[in-house]
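Here the structure is laid out as structure tokens; the discussion comes afterwards.
Only this structure's heavy atoms are used, side chains among them; waters, hydrogens and symmetry mates stay out.
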Amino acid sequence: MPFTLATWNINSVRLRQGLVERLLTEEAPDILCLQECKSPVDKIPREVFTALGYPHMVARGEKGYNGVAILSKLPIEEAGALDFAGLGHARHVAARLETGVVVHNFYIPAGGDVPDRAANVKFGQKLDYLTDLRDWLHGEKPGKSILVGDLNIAPLEEDVWDHRKMVKVVSHTPVEIEHLGAAQEAGRFVDVTRRDIPQGRLYSWWSYRAKDWDAADRGRRLDHIWATPDIAGAAHGSRILRACRGWEKPSDHAPVFAEFDL
């Protein structure tokens, strides 16, 4: 069964409902995973997405913060939601397709501005979240699984605009990269995006602070699509829809796509 999957930190699904509608209309992925929905589940405009051909949804929400949702043309059933580091946040939801493939949608904590857990509680929470994710994956040993989302870490040198300048900036520090890599290894996940696009700089996020984000192009690849080895070979067609960052009142993230033939 071929399908296209996209992941997008929308930075408020209600505020940017029109952007989601545009993506679903123009790009029509079979599955869209959203992060940072900033909405209780019952306030997500589900009827609008259903009218566009996406009648299936699983989600976890909070008022004004966090929140994850999976919209789908294809039948899905909820496959759970995880809470790591004792945060009690809506940062994960999973859906199972009729093929048995499970899609995990994560919104990893950003970690604040100071890369020191002694001086910054949020940075410690981020590392603890990743440690709990690693430990869960060690025990779960997932198969036929796709893990996507805003993981808030750019792991490779080519995933940031300047490695030397970014190495002490939260999202690209060695300790974060080590923690993310340990989780990826625990689940034996393949970074599908970089497997398909191995060369060159690749970004999915550009700061709102840049007056001209496109010209400055000081981006980071914070949004990821991973797959377990048993289905990673069925993935192809990876791309980042950079143009979305230039839409009116955009999210600071661009959606990441991959196709799967399963």
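Formation of a donor-acceptor pair under 3.5 Å by the D191 side chain with backbone atoms of R194 is found in this model. A donor-acceptor pair under 3.5 Å is formed between the side chain of H92 and the backbone N or O of L82. Of the possible donor and acceptor atoms, none in the side chain of T173 sits under 3.5 Å from a partner among the backbone N and O of V169. Not a single donor-acceptor pair under 3.5 Å links the side chain of D159 to the backbone N or O of Y203. The main-chain N or O of P250 is found under 3.5 Å from a side-chain atom of R16 such that the two form a donor-acceptor pair. With R195 contributing its side chain and A235 its backbone, the two residues share a donor-acceptor pair below 3.5 Å. Side chain of D30 to main chain of K73: no donor-acceptor pair is present (N/O by atom type, distance under 3.5 Å, no hydrogens or angles). A donor-acceptor distance shorter than 3.5 angstrom exists from the side chain of K126 to the backbone of A110, with no hydrogens or angles considered.
Rounding to the nearest 0.5 Å gives a distance of 4.0 Å between OG1 of T4 and CD of E259. To the nearest 0.5 Å, atoms CD1 (I76) and CZ (R96) are separated by 11.5 Å. Here H179 contributes atom NE2 and L127 contributes atom CG; the two are 4.5 Å apart, rounded to the nearest 0.5 Å. Atom CG of residue L147 and atom OG1 of residue T228 lie 10.0 Å apart, to the nearest 0.5 angstrom. To the nearest 0.5 Å, atom CG of residue N9 and atom CG of residue D223 are 6.5 Å apart. Distance check, rounded to the nearest 0.5 Å: CD1 of I197 to CG of L202 gives 5.0 Å.
Cluster annotation: L87 and L130 are assigned to the same hydrophobic cluster (Ile/Leu/Val/Met/Phe/Trp/Tyr, side-chain heavy-atom contacts under 4.5 Å, transitive). Both I31 and I240 are part of a single hydrophobic cluster, where members link through side-chain heavy atoms under 4.5 Å apart. Both V103 and F3 are assigned to one and the same hydrophobic cluster, defined by single-linkage of ILVMFWY side chains at heavy-atom distances under 4.5 Å. No single ILVMFWY cluster, assembled from side-chain heavy atoms under 4.5 Å apart, contains both I108 and V256. The hydrophobic cluster containing L133 also contains F189, counting ILVMFWY residues as joined when their side-chain heavy atoms lie under 4.5 angstrom apart, directly or transitively.
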Exercise for review: May I have the step-by-step check of side-chain contact (heavy atoms from CB on, under 4.5 Å) for C37 and V68, ending in yes or no?
Suggested key: CA-CA 6 Å; C37 294; V68 285; 5.7 Å; no
Exercise for review: Please test I153 against H172 for side-chain contact (heavy atoms from CB on, under 4.5 Å), starting from the C-alpha separation and ending with a verdict.
Suggested key: CA-CA 6 Å; I153 296 172; H172 191 61; over 6 Å; no
Exercise for review: Assess whether side chain to side chain donor-acceptor pair (under 3.5 Å) is satisfied between H236 and D196, documenting all intermediate values.
Suggested key: CA-CA 6 Å; H236 60 94; D196 288 349; over 6 Å; no
**Study point:** Chi angles and distances behind the side chain to side chain donor-acceptor pair (under 3.5 Å) call for K38, N11
**Key:** CA-CA 7 Å; K38 296 183 176 179; N11 193 9; 2.7 Å; yes
Practice item. Would you please test I146 and F260 for side-chain contact (heavy atoms from CB on, under 4.5 Å) and show each step? Key: CA-CA 10 Å; I146 301 169; F260 289 84; 3.7 Å; yes
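In terms of heavy-atom proximity, R60 sits nearest to A81 at NE-CB, 3.5 Å. Considering all non-hydrogen atoms of both residues, D261 and P2 come closest at OD1-CB, 3.1 Å. The two residues D116 and F123 have their closest heavy-atom pair at N-CD2, 3.5 Å. Here the closest non-hydrogen pair linking P142 and S145 is CB-OG, 3.6 Å. Counting all heavy atoms, side chain and backbone alike, A154 lies closest to V160 at CB-CG1, 3.6 Å. Across all non-hydrogen atoms, the minimal contact from D83 to G88 is OD1-N, 2.9 Å.
Counting only heavy atoms from C-beta outward, the side chains of M166 and S171 approach each other to under 4.5 Å. Q184 places none of its side-chain heavy atoms less than 4.5 Å from the side chain of P155. Looking only at side-chain heavy atoms (C-beta outward), R242 and D217 come within less than 4.5 Å of each other. Side-chain atoms of V175 and P115, non-hydrogen and from C-beta on, never get closer than 4.5 Å to each other.
Look at D230 and R188 and you find no salt bridge, because none of the NZ, NE, NH1 or NH2 atoms lies under 4.0 Å from a carboxylate O. Ion pairing between R239 and E27 holds under the 4.0 Å rule for side-chain N and carboxylate O.
In terms of the salt bridge (charged side-chain N to carboxylate O under 4.0 Å, His left out) criterion, E157 has no residue partners (sequence neighbours excluded).
With a 6.0 Å radius and a threshold of 12 heavy atoms from other residues, nucleotides or ligands, D113 has its CG atom at or below the threshold. More than 12 heavy atoms of other residues, nucleotides or ligands lie within 6.0 Å of CD in E26, so this atom counts as buried by the packing criterion. Within 6.0 Å of atom CD in Q199, 12 or fewer heavy atoms from other residues, nucleotides or ligands are found, so the atom counts as exposed in its surroundings.
Under the 6.0 Å distance and 45° angle rule, R91 counts as a cation-pi partner of Y107. The side-chain tip of R245 points at the ring of W213 from less than 6.0 angstrom away and within 45° of straight on. For the pair R218 and W161, the distance from NZ or CZ to the six-membered ring centre is under 6.0 Å and the angle to the ring normal is within 45 degrees.
Using modelled atom types, one finds no donor on one side chain facing an acceptor on the other under 3.5 Å when comparing E36 with N66. Using a 3.5 Å distance cut-off with no hydrogens or angles, the side chains of R221 and S204 do not pair a donor with an acceptor. Residues Q35 and T7 bring a donor and an acceptor atom of their side chains to less than 3.5 Å of each other.
For residues 127-143, every residue pair satisfying the side chain to side chain donor-acceptor pair (under 3.5 Å) rule, not counting sequence neighbours, is listed here: R117-D128.
Using the six-membered ring where Trp is involved, F106 and F84 have ring planes that are parallel, under 30° apart on the 30 and 60° scheme.
Cluster partners of V20 are W8, I10, V13, L19, L23, L24, L32, L34, V41, I44, V48, F49, L52, Y54, M57, L71, L241, W247, F257, counting Ile, Leu, Val, Met, Phe, Trp and Tyr whose side-chain heavy atoms approach within less than 4.5 Å, directly or via other members.
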